[in-house]
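Notes follow once the structure below has been shown.
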Amino acid sequence: MLKKMRMRFAKAAMSAFFAVTAVLLIGINGWNYSVTVNRLDQALVRLTEFHPPDRQPEDRPGLPPDFGKEPSREAPYMMRYFVVDINAQGEPLDIMMDHVSSVSEGTAASYAEEAWKKKREKGFLEEYRYLAKKQGQGVRIVFLNAANEKQFMKTLLFVSCLVGLISLIAAFFLVCVFSGYAVRPYLENIERQKRFITDASHELKTPLASILTSADVLAMEEENEWVQNIRRQTVKLSNLVQKMVLLSKLSEERRVLEEEEFSFSEVVWEVAEPFFSTAKAEGKRFLYQIEDALTLKGDRDTVCQMVSALLDNAFRYSGPDGTIWLNVYAKRRRIALEMSNTCNIDQKMDLDRLFERFYRPDKSRTAKTGGSGIGLSIAKAAAEAHKGKITVICENGKKICFKVVL
């Protein structure tokens, strides 16, 4: 149980830390992307308003004096861009390349055609950010080199993800180290409760046996309804004590099952045989299909308790003239047992609570059937002790099926 609790605590802590880290990474990189693209778009807007009268180097004007927050005469040479004017058919009319040297006129024309085909006002083309604005009968497309900005965004993304990954690994290590200290008080409380149940059950055995013996003696002298009731209630209480002891042992973390290889099919037949007469006496239908030669390695007595608990539950709550189905078969390399019965339960009920100790969805009905509310808890504990799983499905509130996979 300590291992399971530590794993649950670690999963919860790491899920929360991962969520916070993911939000931070998305926020940081999203904010950086938004700021960078906004800055590039602002520069492109200003560049679309700038049209040099000629493109001779000696007469080439710079950017407008109010361009940017800190105007500089070197600004034109610090930004690499080119401008392409195209007509309504996407054909280049004029190409201005005074501020770029790594792009030929043919490449600039192809960039403009590709941007025009995208039918988008702005976007990225390789290492350039472009902006298209209508001017007269044509369109002016400005391409601004954003290689440095894109490289910075990639670097920030890589570094932030790397830091996030390292932080997750470090957090996982710390959570694993300190999770034992975090869950230990809770586990100690559970262990104390288990010891109390076990000790109290053992202490109850002696007085219950004495009461039952005294009732037997009284019955030999004078049999009456009071003596019968004492014997009946004493037997019921003794069975409940035995079930509580068994459930407590199955829930122990370090319990070692007496593993042996046995015939699972024979165990099911052995446990199910008395229920055939029960079905006949109560007027119920008991249908079964048990595959032969199925073997299991585990504790035979515990498996018997599990099958008995499921059968007893099916017969108790199948209702008058009900039907019970028992199906045992091989499922790949495992064994599956399906126990179904007719019923009449609320479809909104939380079916997982059926495995809780002393849980009774219908107290008045349980009082009539005589159930203790602990049988399904034993079945679940027995299945988990054999590294198996038990699930429950309810069909339209008229049929309920418990499936065990071992």
Side-chain angles (χ1 to χ4, degrees), residues 21-55 60-72 74-165:
T21 303
V23 170
L24 287 175
L25 290 178
I26 294 173
I28 292 173
N29 287 278
W31 175 81
N32 178 65
Y33 178 85
S34 177
V35 170
T36 302
V37 171
N38 185 58
R39 185 170 63 249
L40 291 172
D41 290 342
Q42 287 180 357
L44 285 167
V45 169
R46 301 303 303 273
L47 289 172
T48 56
E49 300 172 356
F50 171 63
H51 197 309
D54 60 64
R55 289 175 282 122
R60 181 178 57 204
L63 295 178
D66 60 341
F67 187 87
K69 294 182 179 180
E70 297 181 2
S72 171
E74 299 295 327
Y77 305 98
M78 296 172 63
M79 302 178 67
R80 293 180 295 166
Y81 67 94
F82 61 92
V83 182
V84 181
D85 290 336
I86 60 176
N87 57 23
Q89 289 73 37
E91 299 173 348
L93 299 176
D94 188 18
I95 301 176
M96 292 158 278
M97 305 180 60
D98 295 335
H99 294 276
V100 67
S101 60
S102 60
V103 179
S104 64
E105 289 191 2
T107 303
S110 64
Y111 276 5
E113 291 177 359
E114 187 173 353
W116 183 78
K117 290 178 181 179
K118 287 180 178 291
K119 304 298 182 180
R120 296 177 59 184
E121 183 182 358
K122 53 189 174 182
F124 281 101
L125 273 179
E126 297 182 5
E127 61 181 15
Y128 287 91
R129 179 76 177 176
Y130 71 88
L131 177 66
K133 286 288 185 180
K134 289 185 177 181
Q135 289 194 352
Q137 299 298 322
V139 178
R140 167 167 292 181
I141 306 178
V142 182
F143 295 86
L144 177 62
N145 188 285
N148 293 335
E149 287 79 2
K150 293 184 70 175
Q151 183 60 40
F152 177 76
M153 288 189 290
K154 291 180 180 179
T155 302
L156 179 62
L157 178 62
F158 173 76
V159 172
S160 59
C161 290
L162 180 62
V163 172
L165 179 62

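Numbers here simply count residues along the sequence, with the first being 1.
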Taking all non-hydrogen atoms of both residues into account, name the closest pair between [X] and [Y] and its distance.
{"X": "Glu127", "Y": "Asn145", "value": "OE2-ND2, 3.3 Å"}
{"X": "Ile95", "Y": "Glu105", "value": "CD1-O, 3.6 Å"}
{"X": "Ile141", "Y": "Ala112", "value": "CD1-O, 3.8 Å"}
{"X": "Ala108", "Y": "Val84", "value": "O-CG2, 3.9 Å"}
{"X": "Pro92", "Y": "Glu113", "value": "CD-OE2, 4.2 Å"}

Within 45 degrees of the axis of the six-membered ring of Trp116 and under 6.0 Å from its centre: does Lys118 put its NZ or CZ there?
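Output no; distance or angle outside limits.
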So, the side chain of [X] versus the backbone of [Y]: is there a donor-acceptor pair under 3.5 Å, distance only?
{"X": "Ser110", "Y": "Thr107", "answer": "yes"}
{"X": "Lys133", "Y": "Val45", "answer": "no"}
{"X": "Ser34", "Y": "Gly30", "answer": "no"}
{"X": "Asn29", "Y": "Leu25", "answer": "yes"}

Kindly write out the residues that satisfy side chain to side chain donor-acceptor pair (under 3.5 Å) with Glu91, not counting sequence neighbours, or none if the list is empty.
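So Glu91 forms a side chain to side chain donor-acceptor pair (under 3.5 Å) with Asn87.
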Tyr111 ring center near Tyr130 ring center (under 6.0 Å):
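Not under 6.0 Å, so no.
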Using 0.5 Å steps for rounding, measure from the [atom1] atom of [X] to the [atom2] atom of [Y].
{"X": "Leu144", "Y": "Phe124", "atom1": "CG", "atom2": "CZ", "answer": "9.5 Å"}
{"X": "Ile86", "Y": "Asp94", "atom1": "CD1", "atom2": "CG", "answer": "12.5 Å"}
{"X": "Thr21", "Y": "Ile26", "atom1": "OG1", "atom2": "CD1", "answer": "11.0 Å"}
{"X": "Met153", "Y": "Asn148", "atom1": "CE", "atom2": "CG", "answer": "11.0 Å"}
{"X": "Gln42", "Y": "Leu131", "atom1": "CD", "atom2": "CG", "answer": "12.0 Å"}

Any chance NZ of Lys122 has more than 12 other-residue heavy atoms, nucleotides or ligands included, within less than 6.0 Å?
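Not more than 12 within 6.0 Å, no.
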Is [Y] close to [X] at the side-chain level, that is, under 4.5 Å between some pair of heavy atoms?
{"X": "Tyr128", "Y": "Val103", "result": "yes"}
{"X": "Thr36", "Y": "Lys150", "result": "no"}
{"X": "Ile28", "Y": "Asn32", "result": "no"}
{"X": "Arg39", "Y": "Glu149", "result": "yes"}

For the pair Tyr81 and His99, name the ring-plane relationship: parallel under 30°, tilted 30 to 60°, perpendicular over 60°.
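Taking His99 first and then Tyr81, their aromatic rings lie parallel (interplane angle under 30°).
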